[in-house]
Amino acid sequence: MRPDEAFHNEDEINEEKAAPAQMEPESSRRRFLSCLGALGIGSVIFQRSLAAQVAKEQSVTSEMVQSAEWIAGIELEEEERDEVARALRRNLLSAERLRETLVDADTVPAFVFRPDFFYQQASGENRHSDAKPQVAFSVDPKAKKGSDEDLDFASLRSQASLLARGQVSSKELTELYLGRLKKYDPLLKCVITMLEEYAMEQAKASDARRAKNELRGNLDGIPWVTKDLVALPPWKTTWGAEPFKDQVRTETATVAEKLEAAGAVLMAKVTLGAMAWGDQWFGGTTRNPWNPEQGSSGSSAGSASAIAAGLATFALGSETLGSIVSPTTRCRTSGLRPTFGRVSRAGCMPLAWSMDKIGPIARYVEDLALVFPELLGQDGKDPTLVDRGFRWPMKTELSRMRVGVPGGLRGAEKQALEFLEAEGAEIVDLDLGSELPTSAMSFILGVEASTVFDDAFRDDPKADYGKWPSTFRETQFIPAIQYVRANRLRSQLIVETEKKFTEVDVILGGNDLLLTNLTGHPSIVVACGSDKSGEIELPGVVKLTAAAYREQHLLHVGHALQQALPPLPSRPPLDAWVERISDDSPGEKP
């Protein structure tokens with residue numbers, strides 16, 4: 001950001017000549033608190049004390065500053081009090097003008113989070129690459145159509161192979177999935193907007209292209225669903241929240257454009273917890289297909305639930321702090337959270353500009369590897385984007401790979417470790433601890449989210465914003481200095497973490513969700529092996545993490561694990577749950 005652009009012009013407000021701003025008391029108090037927080041002046045108690053006086057008197061005086069000094073634990077000279085009072089009066093007027101100017105959610109700040117600089121600083125190498133993704137795809141000669149349910153749970157590669165051999169059409173495949181979406185959504189509550197007519201139009205167009213040998217790629221004719229923070233006009237983009245349930249965005253999200261260009265068939269916009277927190281949205285709670293008495297976790301609630309239930313081939317989700325990793329773990333399916341800056345967020349609901357990431361969710365790791373490269377590439381809209389190479393499949397033998405283990409493995413992670421050891425992989429103890437205050441940086445998300453939704457929350461603070469209102473209120477009292485300082489420490493954390501992560505090829509397990517979302521490192525959840533919840537048999541799940549831009553390492557190891565340890569059982573007993581749970585069950589049951 002150029003600081004000269006922030007300097008006042010001569011025709012700007014002259015505070016000494018301007019009359020005190022006249023506002024309603026509560027409005028004045030809220031704006032003043034925001035102003036104090038932005039200035040970093042005093043403690044929360046100090047700010048509240050001053051704000052209460054300002055709301056009453058409609059101005060700021062040196063006497064007010066003095067009366068609040070003891071609460072703040074500071075002592076100012078008279079000249080300093082006058083100076084602070086003048087500064088606060090100026091900033092009240094500035095805050096008023098800023099509030100009067102509308103800012104759309106798609107407008108990014110004038111500063112950009114680019115962790116790639118710190119990744120390179122950690123390694124001492126310039127790993128920039130403009131190389132286009134290289135994906136080798138071959139038809140699977142063993143792919144068989146089988147029953148409808150076999151087809152619905154088949155991999156993307158199998159479905160693409162059947163399409164290529166003419167054993168199934170995109171129209172037929174889409175109709176099967178649309179039927180399952182209608183049948184199981186009353187149980188799972190995973191759909192916000194069905195796009196049946198649009199989906200059938202896309203499927204027929206794909207079949208027509210195939211007949212002319214004009215296919216667009218590996219995804220042509222493959223049905224998918226998207227988390228409803230991806231904008232796609234003229235349909236609604238609700239962000240899962242009551243205040244936005246009728247919202248229609250004007251610009252199509254880049255990821256939706258890319259998948260449409262690839263020929264994929266979008267069938268539905270699925271649920272997310274209100275404004276990307278949890279699994280509760282304005283229509284209820286999205287359910288875990290393996291146990292519909294339990295929420296699916298979130299916030300990519302509908303994406304993970306729908307894929308685990310066999311309602312689409314793949315889905316798009318997003319993550320700011322666990323929103324792909326958490327629901328895919330709960331729903332026992334696979335999901336890739338890419339390195340920050342790999343996939344454009346343009347046209348997707350922002351939550352935290354320096355933490356948001358878009359990634360694919362699917363049942364099979366190989367499907368993630370086929371979808372991911374279709375999402376890559378510059379769009380001239382998201383300023384955080386970087387180009388890095390990607391190659392699939394990766395040929396490195398597992399015996400030549402180093403696997404970091406932070407300790408505390410559970411369930412399928414132990415099975416995965418035994419397999420990797422048997423394959424000859426080098427197992428390395430890895431300490432993810434840091435002397436830097438990682439947990440103290442977590443408020444960065446809340447500050448950025450509160451900024452995104454500041455106008456909406458101030459206009460209607462009583463609306464149903466899900467779990468967010470307390471965060472929206474609390475972050476008004478966080479000084480700008482604290483936010484900037486946390487991000488300065490965050491740059492050190494990125495360098496430190498990248499140095500550790502580059503010592504190995506992948507990391508198995510580990511409690512690193514906050515750490516890696518702050519640093520922007522990629523993770524994958526892999527459905528593999530088996531697990532138990534009480535007496536219930538469930539497929540296992542394994543989380544892998546890697547250094548920046550090593551998605552292909554994650555996919556390579558994850559695919560090997562899934563091939564050697566296929567998830568068992570392979571599909572949830574949805575029909576049994578439909579019979580077991582009636583529509584009028586009490587409480588949180590569907």
Side-chain angles (χ1 to χ4, degrees), residues 153 279 287-298 300-301 304-305 307-310 317 319 322-337 361-368 398 401 403-423 425 427-432 504-517 522-546 553-574 577:
F153 279 89
D279 49 26
R287 303 291 166 177
N288 173 11
W290 293 96
N291 179 8
E293 294 181 327
Q294 179 185 59
S296 65
S297 186
S300 301
S305 179
I307 295 307
E319 175 156 328
S323 290
I324 289 176
V325 171
S326 182
T328 52
T329 299
R330 174 70 61 83
C331 294
R332 310 281 169 160
T333 191
S334 301
L336 174 65
R337 183 195 76 207
I361 293 174
R363 288 178 291 279
Y364 303 95
V365 173
E366 187 177 30
D367 296 358
L368 300 175
L398 292 180
M401 303 196 78
V403 179
V405 179
L409 301 184
R410 298 178 296 178
E413 292 175 341
K414 293 181 179 179
Q415 301 168 35
L417 179 61
E418 291 175 1
F419 166 75
L420 292 170
E421 285 180 318
E423 290 294 307
I427 308 302
V428 180
D429 291 333
L430 193 67
D431 182 7
L432 297 181
V504 296
D505 293 297
V506 297
I507 299 164
L508 174 63
N511 183 20
D512 60 11
L513 205 56
L514 174 60
L515 169 67
T516 54
N517 273 288
S523 282
I524 189 173
V525 173
V526 181
C528 65
S530 58
D531 203 352
K532 268 191 173 185
S533 177
E535 298 300 317
I536 302 175
E537 294 287 341
L538 295 169
V541 281
V542 167
K543 181 175 69 65
L544 303 171
T545 309
H553 290 68
L554 296 174
L555 292 162
H556 178 59
V557 175
H559 180 56
L561 288 173
Q562 200 170 59
Q563 292 292 103
L565 304 167
L568 295 173
S570 60
R571 60 194 66 175
L574 291 174
W577 280 105

May I have the step-by-step check of side chain to side chain contact (heavy atoms under 4.5 Å, CB included) for Val526 and Val541, ending in yes or no?
CA-CA 5 Å; Val526 181; Val541 281; over 6 Å; no
For the residue pair [X] and [Y], establish whether any side-chain heavy-atom pair is separated by less than 4.5 Å.
| X | Y | value |
| --- | --- | --- |
| Leu514 | Asn517 | no |
| Glu423 | Phe419 | yes |
| Pro539 | Pro569 | yes |
| Ile361 | Ser300 | yes |
| Leu430 | Val405 | no |
| Val542 | Gln415 | no |
| Val506 | Leu554 | yes |

Spatial distance of atom [atom1] ([X]) from atom [atom2] ([Y]) [nearest 0.5 Å]:
| X | Y | atom1 | atom2 | result |
| --- | --- | --- | --- | --- |
| Leu555 | Ile524 | CG | CD1 | 4.5 Å |
| Leu544 | Ile507 | CG | CD1 | 9.5 Å |
| Leu368 | Ser334 | CG | OG | 6.0 Å |
| Tyr364 | Ile307 | OH | CD1 | 11.0 Å |
| Arg287 | Ser297 | CZ | OG | 13.0 Å |
| Leu513 | Ser326 | CG | OG | 7.5 Å |

Any side-chain donor near an acceptor of the partner, Thr516 and Thr545, under 3.5 Å
no
What residue pairs, at least two apart or across chains, pass salt bridge (Lys or Arg N to Asp or Glu O under 4.0 Å) with a residue in residues 322-337?
Glu319-Arg337, Arg332-Asp531
Listing request: all salt bridge (Lys or Arg N to Asp or Glu O under 4.0 Å) pairs with a residue in residues 564-573, at least two apart in sequence or in separate chains.
Glu149-Arg571, Asp150-Arg571
State which residues pass ring-ring contact (aromatic ring centres under 6.0 Å, His included) with His559; sequence neighbours excluded, sorted by chain then number.
Trp392
What pairs with [X] under side-chain contact (heavy atoms from CB on, under 4.5 Å), at least two apart in sequence or on another chain?
| X | result |
| --- | --- |
| Ala309 | Leu188, Pro289, Leu311, Leu574 |
| Glu418 | none |
| Pro566 | none |

Looking only at atom types and distance, does a side-chain atom of [X] sit under 3.5 Å from a main-chain N or O of [Y], one as donor and one as acceptor?
| X | Y | value |
| --- | --- | --- |
| Thr333 | Ala304 | no |
| Asp279 | Ser296 | yes |
| Glu537 | Leu568 | no |
| Trp290 | Pro572 | no |
| Gln562 | Ala527 | yes |

Would Leu420 and Val557 count as a side chain to side chain contact (heavy atoms under 4.5 Å, CB included) if you check the C-alpha gap in whole Å, the side-chain angles of each, and the deciding distance to 0.1 Å?
CA-CA 9 Å; Leu420 292 170; Val557 175; 4.2 Å; yes
Apply side chain to side chain contact (heavy atoms under 4.5 Å, CB included) to residues Ile324 and Leu336 and explain how you reach the verdict.
CA-CA 7 Å; Ile324 289 176; Leu336 174 65; over 6 Å; no
Paired with Lys543, the side chain to side chain donor-acceptor pair (under 3.5 Å) test is passed by just one of Thr328, Thr329, Asp512, Asn511, namely Asp512
Just do the side chain to side chain contact (heavy atoms under 4.5 Å, CB included) check on Val403 and Val428 with the steps written out, would you?
CA-CA 6 Å; Val403 179; Val428 180; over 6 Å; no
